[in-house]
Each structure stands twice: as structure tokens, then as C-alpha cells.
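Below is one structure, written out as C-alpha cells, with a few remarks after it.
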Amino acid sequence: MKITNKVYVVTGGGNGIGRELVIQLVNRGARVAAVDISEAGMQETVKLAGSLGDKISTHIVDITDSAAVEALPEKVIAAHGSVDGLINNAGIIQPFVRVVDLTFPQINKVFDVNFTGLMFMTKAFLPYLLKRPEAHIINLSSMGGFLPVPGQTIYGASKAAVKLFTEGLHSELLDTQVHVTLVFPGAIKTNITVNSGIMTQEQVDKQDMGQFKMTEADKAAEIIISGIERNAYHVFVGSDSKMMNFLVRLAPKRAAKLIFDQMKSLLK
Ligand SMILES: NC(=O)c1ccc[n+]([C@@H]2O[C@H](COP(=O)([O-])OP(=O)(O)OC[C@H]3O[C@@H](n4cnc5c(N)ncnc54)[C@H](O)[C@@H]3O)[C@@H](O)[C@H]2O)c1
């Protein structure tokens, strides 16, 4: 779907990839409803948008709060007149530990945000999107949603759930005017570890991430927006995600071992 003159909702618009999506969308002539639990993050996004900041409305909503999510479409319509696109970007990671060492509250939180929150948002906005001449739902899974990453097993399972949910939605909406795009980012340079409450900024700064080649968040947003414009089915963000998509099909066990060898230093 085109970007210009469309209204997009972007969850997680207060940081990282979501922030870059919001800024690039308004620069391309869209209007955006940014949704986040971080008020400070969204204020910074609006500030960074400069003179285009007035094209952005901000909504402090926890996407796991079904009542708040249900009330959101009318608020977005009140702010912008309509809604054409939903980018389900908000997400969190889990502590870098094995499943045996995770608590149930930690497990539930990851699923609540990454899967249930995304599903609430989709359910709340879909009836409105179905009434538009053209509309688009874009869901962020992860390279970890098709490839096992040790120390992120529950995160990966939640992103695999996003994958099948989104592909099922795509099929169900094939005879409608609602496009559905599924995004698999590889490693992206954002502050997701701190934002997810997994590490402090100090701990992150001490960590040597030199061995990981990461895609910049603005580049990731550019690739996602190009996928939206092409009505792409799948969008792989970064050479790591593209490469592992082939390797995991060709030699799944070898692909899993390769990622284990790369990630084992992060496992406590
Ligand atoms: N960074 C990566 O390497 C990477 C890789 C693969 C996939 N992803 C996915 O990309 C998406 C964006 O990640 P990012 O790296 O930009 O993260 P980020 O931490 O920079 O931004 C995520 C934003 O989501 C918001 N958020 C968290 N929980 C929320 C909730 N319950 N309700 C509303 N907002 C909430 C946070 O406040 C934050 O502003 C996530 O879904 C993530 O899983 C990221």
C-alpha cells in the first residue's frame, strides 16, 4: 500500500525500529498514531520528526490491556479522521537464560506483549480496516521466529506464533482489500535489551557485541516501508535474516548449531 496520505498506527513508536518507522512514514507524507507505554520515548520521536511532528498523535497504551486497545481505534480516528494501516512493532525480549531458569511470570510477559498484545491490536483494528478502500497490517516477527536462538527460546516461540498468526490472517484476508505483511528482522541496533528490562545500560555498555553485525534501525525501517509499498508477503531485514532463511531450510540442524556457537557466550 502507498504511504502518502495514509494513516498508520505504529506500536512501539517510542524507540528503536518503531521510532524510525514513525519518522520515515511522516516524511513520506503519511500521518501516524504512535502507540507506546513510554511517554518520554514518544515525545522524543515527535521531537525528532521536527516540523512534521504535528502529523503524529501519541497514545500511551499498553497493548496487553485489552480494554485500552479496544478503545484505541476511535481515538485514532478522532485524531486523524480514518485509519489505513497497522504496524504491530512493539515487542520485548526475555532474559538471556535457558528455559529451565525462566519463571512463569517472565514467560507470560513475553507472550503477552509479543503475541497477545499484537493479536488484541489486530482484532481491534481489523473491523475498521475492512471498511477502507485499501488497508494493510504489518506484523514484526523475528529471525528468532524461524530459527532457534538459545537463551531466547520463549521469545522465539512467541515470534513463531506471530508468524503463523500473520500468515493465517493473510490467507483469511486474501479476498479482501486488506494486505498483510510479515517482517523478520535479523539483529538490529536498538536498545531492546534495556527497554525490555533485561539489562541496565551499564551492563549493555560493558558487553562486547563486536562479533555481531547489526543493521541500523533507520535502515530496518526503510526496508520495512519498501516491503509495505510492494505489498510483500515476507520481508527479511538484514543479511543475517536473509541468509539464515536459506540455511535453515537447507540444513536446519547445522543452522541451529551455527547460531548456538555465535550466541553461547551470552547464555548465563
Ligand atoms: N532489535 C532487534 O535486534 C530485533 C530483532 C528481531 C526482531 N525485533 C523486533 O522488532 C520490534 C521492535 O524492536 P526494537 O528493537 O525496535 O525494540 P525497542 O525496545 O527499541 O522498541 C520497542 C518499543 O515497544 C514498546 N513497548 C514494549 N512493551 C509495550 C507494550 N506492552 N505496549 C506498548 N508498547 C510497548 C517499548 O516501550 C519500546 O518503545 C520488536 O517486536 C522486536 O521483537 C527486534
Side-chain angles (χ1 to χ4, degrees), residues 9-24 33-46 48 58-69 72 86-94 96 108-121 124 138-147 149 152 154-163 165-166 182-199 201 204 209 212-221 223-224 235-242 244-245 259 262-263 266:
V9 176
V10 180
T11 67
N15 276 289
I17 302 170
R19 166 175 291 160
E20 296 299 331
L21 283 168
V22 172
I23 293 171
Q24 290 182 30
V35 178
D36 208 297
I37 45 173
S38 169
E39 184 172 11
M42 283 195 294
Q43 277 173 9
E44 182 64 16
T45 300
V46 172
L48 289 169
T58 57
H59 309 264
I60 304 164
V61 170
D62 182 336
I63 59 165
T64 68
D65 177 345
S66 63
V69 168
L72 194 56
L86 167 62
I87 308 184
N88 280 310
N89 160 80
I92 56 169
I93 58 168
Q94 64 165 86
F96 278 99
N108 291 340
K109 191 176 174 201
V110 171
F111 257 89
D112 283 351
V113 177
N114 292 356
F115 179 70
T116 313
L118 175 144
M119 187 264 294
F120 282 166
M121 286 291 294
I138 301 95
N139 288 345
L140 272 79
S141 176
S142 167
M143 179 171 83
F146 63 77
L147 178 76
V149 178
Q152 288 298 323
I154 295 298
Y155 171 80
S158 73
K159 291 297 187 175
V162 169
K163 173 183 184 288
F165 174 73
T166 308
L182 177 58
V183 182
F184 301 100
I188 313 295
K189 209 187 270 180
T190 70
N191 224 3
I192 193 166
T193 315
V194 174
N195 295 335
S196 304
I198 304 308
M199 285 185 196
Q201 190 60 55
V204 169
M209 300 294 279
F212 301 110
K213 196 178 153 276
M214 292 192 175
T215 303
E216 297 291 339
D218 60 346
K219 183 68 197 166
I223 293 167
I224 295 167
V235 175
F236 295 90
V237 181
S239 53
D240 49 356
S241 181
K242 277 187 202 139
M244 292 316 294
N245 174 44
I259 294 294
Q262 274 191 11
M263 300 296 288
L266 294 179

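All ligand and atom numbering here is 1-based and tracks the order in the structure. Residue numbers count from 1 along this sequence. Values reported hereafter were calculated over all heavy atoms of this structure, with side chains retained and with hydrogens, waters and symmetry mates removed. Only a predicted model underlies this, so the values are computations on that prediction, with no experimental measurement involved.
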- Task: May I ask which of Ala34, Gly91, Gly18, Gly41 has a heavy atom nearer to atom 22 (C) of ligand 1 than the others do?
- Result: Gly91

Pairs under 3.5 angstrom only: tabulate donor-acceptor contacts from the side chains of residues 185-194 to other protein residues two or more places apart or in another chain.
unit_1: Lys189; atom_1: NZ; unit_2: Glu216; atom_2: OE2; d: 3.1
unit_1: Thr190; atom_1: OG1; unit_2: Ile192; atom_2: N; d: 3.3
unit_1: Asn191; atom_1: ND2; unit_2: Gln201; atom_2: OE1; d: 3.1

- Message: Starting from atom 38 (C) of ligand 1, what is the nearest protein heavy atom, named by residue and atom, and what distance separates them?
- Response: Asp36 OD2, 3.5 Å

- Proximity flag Lys189 to ligand 1, non-hydrogen atoms under 4.0 Å: no

- Item | Atoms of ligand 1, numbered as shown, that sit under 4.0 Å from any heavy atom of Leu140 | 10 (O), 11 (C)

- Message: How far is atom 31 (N) of ligand 1 from the closest protein heavy atom, and which atom is that?
- Response: Asp62 OD1, 2.9 Å

- Output the list of atoms in ligand 1 that are nearer than 4.0 Å to some heavy atom of Ser141, sorted by atom number. 7 (C)

- Heavy atoms only: which of Ala187, Ala220, Gly117, Gly186 is nearest to atom 4 (C) of ligand 1? Gly186

- Message: Counting C-beta onward and ignoring hydrogens, is there a side-chain heavy-atom pair between Lys213 and Ser239 closer than 4.5 Å?
- Response: yes

- Applying side chain to side chain contact (heavy atoms under 4.5 Å, CB included), run through Thr45 and Ile23 and close with a yes or a no. CA-CA 7 Å; Thr45 300; Ile23 293 171; 4.3 Å; yes

- Query: Can you tell me the protein heavy atom closest to atom 16 (O) of ligand 1 and the distance?
  - Reply: Ile17 N, 2.8 Å

- Message: Walk me through whether Asn139 and Phe165 qualify under side chain to side chain contact (heavy atoms under 4.5 Å, CB included).
- Response: CA-CA 9 Å; Asn139 288 345; Phe165 174 73; 4.2 Å; yes

- Query: Do Thr116 and Met119 have side-chain heavy atoms sitting under 4.5 Å apart?
  - Reply: yes

- Message: Checking a contact table here: which protein heavy atom is nearest atom 3 (O) of ligand 1, and how many Å away?
- Response: Ile188 N, 2.8 Å

- Query: Just wondering, are more than 12 heavy atoms of other shown residues or ligands nearer than 6.0 Å to CD in Glu44?
  - Reply: yes

- Message: What protein heavy atom lies closest to atom 24 (O) of ligand 1? Include the residue and the distance to one decimal.
- Response: Gly12 CA, 3.4 Å

- Item | Enumerated ligand 1 atoms positioned under 4.0 Å from heavy atoms of Gly14 | 39 (O)

- Any Ile93 side-chain heavy atom under 4.5 Å of Gln152 side chain: yes

- Message: Taking 4.0 Å as the limit for heavy-atom contacts, which would you say applies to Lys159 with ligand 1: side chain only, backbone only, both, or neither?
- Response: side chain

- Query: Is the closest N or O pair between Asn15 and ligand 1 shorter than 3.5 Å?
  - Reply: yes

- For ligand 1, find out whether one of its N or O atoms is nearer than 3.5 Å to an N or O atom of Ile63. yes

- For atom 19 (O) of ligand 1, state which one of Asn195, Asp240, Val110 supplies the nearest heavy atom. Asn195

- Nearest heavy atom to atom 33 (C) of ligand 1, choosing from Thr116, Val61, Val35, belongs to Val61

- Note on the structure: ligand 1 to Gly16, heavy atom cutoff 4.0 Å, flagged ligand atoms 16 (O), 20 (O)

- Is there a side-chain contact between Val149 and Tyr155 (heavy atoms, below 4.5 Å)? no

- Item | Side-chain heavy-atom pair Asn88, Leu140 within 4.5 angstrom cut-off | no

- Note on the structure: Sequence neighbours excluded, the answer for ring-ring contact (aromatic ring centres under 6.0 Å, His included) partners of Phe120 is none

- Taking the six-membered ring for Trp, are Phe146 and Phe236 parallel (under 30°), tilted (30 to 60°) or perpendicular (over 60°)? perpendicular

- Item | Under 4.0 Å to a heavy atom of Val113 - the qualifying atoms of ligand 1, by number | 28 (N), 31 (N)

- Starting from atom 14 (P) of ligand 1, which protein heavy atom do you reach first, and at what distance in Å? Thr190 OG1, 3.6 Å

- Task: Let me see the working for Met42 and Ile60 under side chain to side chain contact (heavy atoms under 4.5 Å, CB included), right down to the final yes or no.
- Result: CA-CA 9 Å; Met42 283 195 294; Ile60 304 164; 3.8 Å; yes

- Query: Does a donor on one side chain sit under 3.5 Å from an acceptor on the other, for Asp36 and Ser38?
  - Reply: no

- Starting from atom 12 (C) of ligand 1, locate the nearest protein heavy atom and write down its residue, its atom name and how far away it is, to 0.1 Å. Asn89 OD1, 3.1 Å

- Which residue supplies the protein heavy atom nearest to atom 8 (N) of ligand 1, what is that atom called, and how far is it? Tyr155 OH, 3.6 Å

